[in-house]
Amino acid sequence: MIDFKKELNPAQYEAAMTLEGPVLCIAGAGSGKTRTIVYRLANMVEQGVPAYEILLLTFTRKASQEMLHRAETLLGRGIGAVSGGTFHAFAYSVLRQHPPAGRENGLSIMDAADAAEALKYCKDLLGAGKGDKSFPKTATVMGMLSKSRNKERDIGDILQREAFHLAAYRNDIEAIAQSYAAYKQEHGLLDYDDLLFELEHLLSTRADLLEFYRQRFRYIMVDEYQDTNLVQSRLVQLLAGGHRNVMAVGDDAQSIYAFRGANVQNILQFPNMFPGTKLIKLEENYRSVQPVLNLTNAILEDAPAAFHKSLFTSRTGGSLPQLVKPLSDLTQANLVVNKIAELRSLYQPGEIAVLFRAGYQSYHVEMQLGKAGIPFRKYGGLKYSDAAHVKDVMSYVRLMLNPLDLPAFQRLAANVKGIGPKTGLKIYEASRMQNVAELDKALKKYPNFRKDLELVDTLRRQRLQPAEVLEEVLEHYRPRLMALYPDDYPRREHGLDQLVQIAATYRELDLFVSDLSLEDPNPEAAQAENHITLSTVHSAKGLEWDAVLIIDLVEERFPSKQALQKAEDLEEERRLMYVACTRAREYLGLFVPSSIYSRGGGGNEPASPSPFVRDLPVHLYEEWKENYTGGLARREYPQQRTMRLGSCAPQAPDAAMPASAATAMQKRSTFADAASASGMQTDEDGIPFATADDCIPKPASPSPRRLGFCTHKIFGRGKLVQHVPPDKYRVNFPGFGLKVIMEAYLQMED
DNA sequence: TATCGATCCCGCTCT
DNA sequence: GGGATCGATA
């Protein structure tokens with residue numbers, strides 16, 4: 001028997017023991033959220049709830065697997081067939097049994113790369129933006145489209161709000177969107193968003209099925225609820241609407257997926273969606289030592305938080321987080337690796353992580369780790385299943401399952417010398433229309449492609465296990481692999497062997513294919529015991545390490561430069577910074593390079609510290625600066641800097657420092673407020689903050705108007721310096737330096 | 001007319 | 001390092 005009362009704190013205990021009725025569990029970072037879910041699962045099993053009546057929706061499949069595994073360990077026995085995974089995987093598992101109208105003969109899931117390809121195809125087909133250099137790129141159009149669907153607003157609305165400068169292309173973008181939708185329908189394809197909407201459609205039009213699934217899943221838990229979007233919340237409502245045994249777990253302060261349509265309002269509205277919701281807050285932090293917690297609390301202090309939390313820890317000791325200022329991002333890599341070498345005497349490699357905003361930022365660190373012989377695993381950034389050879393091999397398999405899958409067909413066709421998109425399409429049409437004469441003619445010309453199609457036909461006739469299918473495809477593909485990648489073909493072949501290993505864990509081919517599209521398997525990362533971790537902050541969500549190093553904490557990188565124009569985007573970056581720092585249990589290192597290598601500037605360009613670092617009270621960290629000789633020197637601060645902002649008043653280091661609720665309510669300060677408050681601030685050497693632009697002499701160009709002053713939502717009032725055709729201005733903002741801003745975001749003064 | 005190769009520009013996060 | 005674009009080639 002598990003002694004729940006002894007092993008959980010009162011709030012956790014209540015959450016784990018309340019099985020009936022709606023529960024909203026607001027779980028601060030490190031507050032034992034996973035533990036609570038695990039114990040709740042165990043409790044359900046002990047109470048005799050059959051495993052197949054439980055649905056556990058999580059953000060990644062890995063997260064749900066780990067929770068189930070831990071629950072089994074706790075119980076000392078298997079708990080059987082709990083349904084667990086992401087919303088998307090759940091949607092697919094239902095839809096494959098009840099395919100939408102017109103999709104009965106095959107239902108392929110498009111991953112992001114497939115979708116982009118299809119969109120480009122539609123764009124070219126329409127000839128949209130041909131010859132227009134400022135027409136948005138495929139990736140941009142895709143982003144707008146996805147936002148429109150995820151936020152359930154029409155495209156014009158999204159353009160208006162998110163990309164005003166593209167508003168003129170509204171009609172073109174809408175036409176592309178329509179063409180893309182038709183393309184998917186015609187070729188039996190579903191993208192990520194379709195999965196959710198099709199499931200909603202199914203459940204809301206088929207009362208019998210809805211009733212079936214309500215009976216089937218009598219207990220539902222949804223993790224990371226703050227990152228669900230509108231349709232996901234409606235799915236929860238549909239599924240739990242009968243019995244109402246549903247627990248949502250999340251933390252509004254850790255919402256980092258608004259860019260993808262996640263809606264923080266969902267978690268705030270949950271009690272309205274399920275009246276009578278029991279609200280439980282987990283506020284004790286078990287993860288981080290006090291100095292780390294003090295710093296993370298300070299990051300959040302300026303942010304408006306709807307469910308106010310005051311995190312406190314019982315963990316004693318720990319040293320101050322370190323703020324390290326390398327001379328450049330190149331030397332940053334050295335310093336990071338040196339620090340890791342040092343940390344390795346204290347921590348296991350698996351307990352050390354380097355985090356960053358975007359995948360490409362870890363490049364130098366990866367190089368230096370390689371040189372130093374320190375093994376690492378990288379999460380986020382490039383995907384395993386994005387690799388060209390993996391996509392090639394999977395195209396055979398996808399074509400087996402869905403003969404209409406044009407992207408897969410085109411991909412195989414394009415690998416044959418002499419076949420491009422047009423010829424590929426011609427052959428596809430001939431084959432689909434059963435135009436034997438033309439098909440035969442074309443295939444005579446390209447015998448290699450005939451072999452490809454014959455292989456697919458042969459495989460389709462047999463009934464092989466997924467791994468066997470892959471073996472067959474691999475044997476066929478190997479010569480082409482060698483021809484296509486003569487230089488690094490062994491590495492790629494190794495990757496394909498891993499693909500077979502993954503396939504071996506499946507019995508159903510379509511589940512293997514869909515899982516691969518829905519979630520990156522990253523086989524390299526699977527056994528990471530002896531490796532340190534490199535990860536994007538997004539991929540680090542829900543994880544923790546003894547030692548965490550965050551790199552590139554400079555303006556335009558973290559926060560990312562595209563988040564500077566809207567206050568709400570900047571708030572999301574702040575939460576992202578919060579998520580990053582709260583991953584650390586004991587050591588937290590913040591790396592702020594003074595310059596960033598850039599090709600455009602022909603070398604290093606100076607960089608300003610990230611506002612998230614700049615705004616931290618100095619007593620919360622110790623600062624180290626790199627000397628020109630390569631060493632690090634501790635920096636002492638003059639006293640007055642500690643008193644800079646009201647919100648940053650020094651506190652006793654051992655105080656639990658919960659920001660009082662009153663303060664937080666009054667201080668719903670946006671970044672704009674914070675920015676103007678620190679508007680005249682200078683850097684510690686007395687030099688006003690400058691952006692890279694300052695250092696590049698710009699020729700004075702004729703301007704269409706007399707330059708005066710303007711106002712920007714975030715940077716405040718600034719002086720117009722130069723018109724940057726067609727629609728931008730270079731503006732000097734006191735305290736922020738020169739920025740190039742779209743005219744649409746500037747309020748001009750006459 | 002379609003494909004292929006060289007060059008330029010620009011770089012986010014993910015199911 | 002990859003996508004878009006443009007000019008050379010079959």
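In the text below, chain A, chain B and the rest are named by the order of the sequence lines, each starting its count at 1.
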Let me know, please, whether A:Ala414 or A:Leu576 comes out on the 5' side of the other along DNA chain B by nearest nucleotide. A:Ala414
Scan A:Ile419 against the nucleic acid and name what it touches under 4.0 Å (heavy atoms): base, sugar-phosphate only, or nothing. sugar-phosphate
Let me confirm one number: the CG-CZ distance from A:Leu570 to A:Arg575, rounded to the nearest 0.5 Å. 10.0 Å
Below 3.5 Å, can you tabulate the donor-acceptor pairs from side chains in residues 413-427 of chain A to any protein atom, sequence neighbours excluded?
residue: A:Asn415; atom: ND2; partner: A:Asp392; partner atom: OD1; Å: 3.2
residue: A:Asn415; atom: ND2; partner: A:Asp392; partner atom: OD2; Å: 3.2

Between A:Thr60 and B:dT15, is there a side-chain N or O to OP1/OP2 distance below 4.0 Å? no
Considering only B:dG11, B:dC4, C:dA4, which nucleotide approaches the side chain of A:Lys561 most closely? B:dG11
Contact under 4.0 Å: A:Thr138 side-chain N or O vs C:dA4 OP1/OP2: yes
Write down the atom of A:Ser514, the atom of A:Ile109, and the distance for their closest heavy-atom approach. CB-CD1, 3.5 Å
Where the side chain of A:Lys383 is concerned, which of B:dT15, B:dC12, B:dA2 is the nearest nucleotide? B:dT15
Nearest whole Å is fine: how far is B:dC9 P from A:Lys137 NZ? 12 Å
Grab the CE-P distance between A:Met577 and B:dT13 for me, whole Å please. 18 Å
So, do A:Phe259 and B:dC12 meet the stacking rule of ring centres under 5.5 Å and planes under 30°? no
B:dC14, OP1 or OP2 - any side-chain N/O from A:Thr536 closer than 4.0 Å? yes
Judged by each residue's nearest nucleotide on DNA chain B, which is more toward the 5′ side, A:Lys417 or A:Gly359? A:Lys417
In whole angstroms, how far is the P atom of B:dC14 from the CG atom of A:Asn229? 17 Å
Grab the CZ-C1' distance between A:Phe135 and C:dG3 for me, whole Å please. 16 Å
Within the 4.0 Å heavy-atom criterion, would you say A:Gln361 contacts the bases, only the backbone, or no part of the nucleic acid? nothing
Any idea which of B:dA2, B:dC12, B:dC14 is nearest the A:Arg357 side chain? B:dC12
When you get a sec, tell me which of B:dC12, B:dT13, B:dT15 is the closest nucleotide to the side chain of A:Ala112? B:dT15
Taking CG from A:Asp386 and P from C:dG1, how many angstroms apart are they, rounded to a whole number? 16 Å
Considering only B:dT13, B:dC14, B:dC10, which nucleotide approaches the side chain of A:Tyr257 most closely? B:dC14
Ring geometry between A:Phe59 and A:Tyr257 (parallel below 30°, tilted from 30 to 60°, perpendicular above 60°): tilted
Determine: side-chain N/O of A:Thr423 to OP1/OP2 of B:dT3, distance under 4.0 Å, yes or no. yes
Round to a whole Å and report the spacing from NZ of A:Lys120 to P of C:dG2. 16 Å
Whole Å only: how far is the CZ atom of A:Arg61 from the P atom of B:dC14? 16 Å
Tell me the interatomic distance from A:Leu382, atom CG, to C:dG3, atom P, rounded to whole angstroms. 10 Å
How about A:Phe409 and A:Phe449: are their ring centroids closer than 6.0 Å? yes
Tell me whether A:Lys541 is salt-bridged to A:Asp251, with the criterion being a basic N under 4.0 Å from an acidic carboxylate O. no
Side chain of A:Thr86 only, heavy atoms from C-beta on: which candidate in B:dC12, B:dC14, B:dT15 is closest? B:dT15
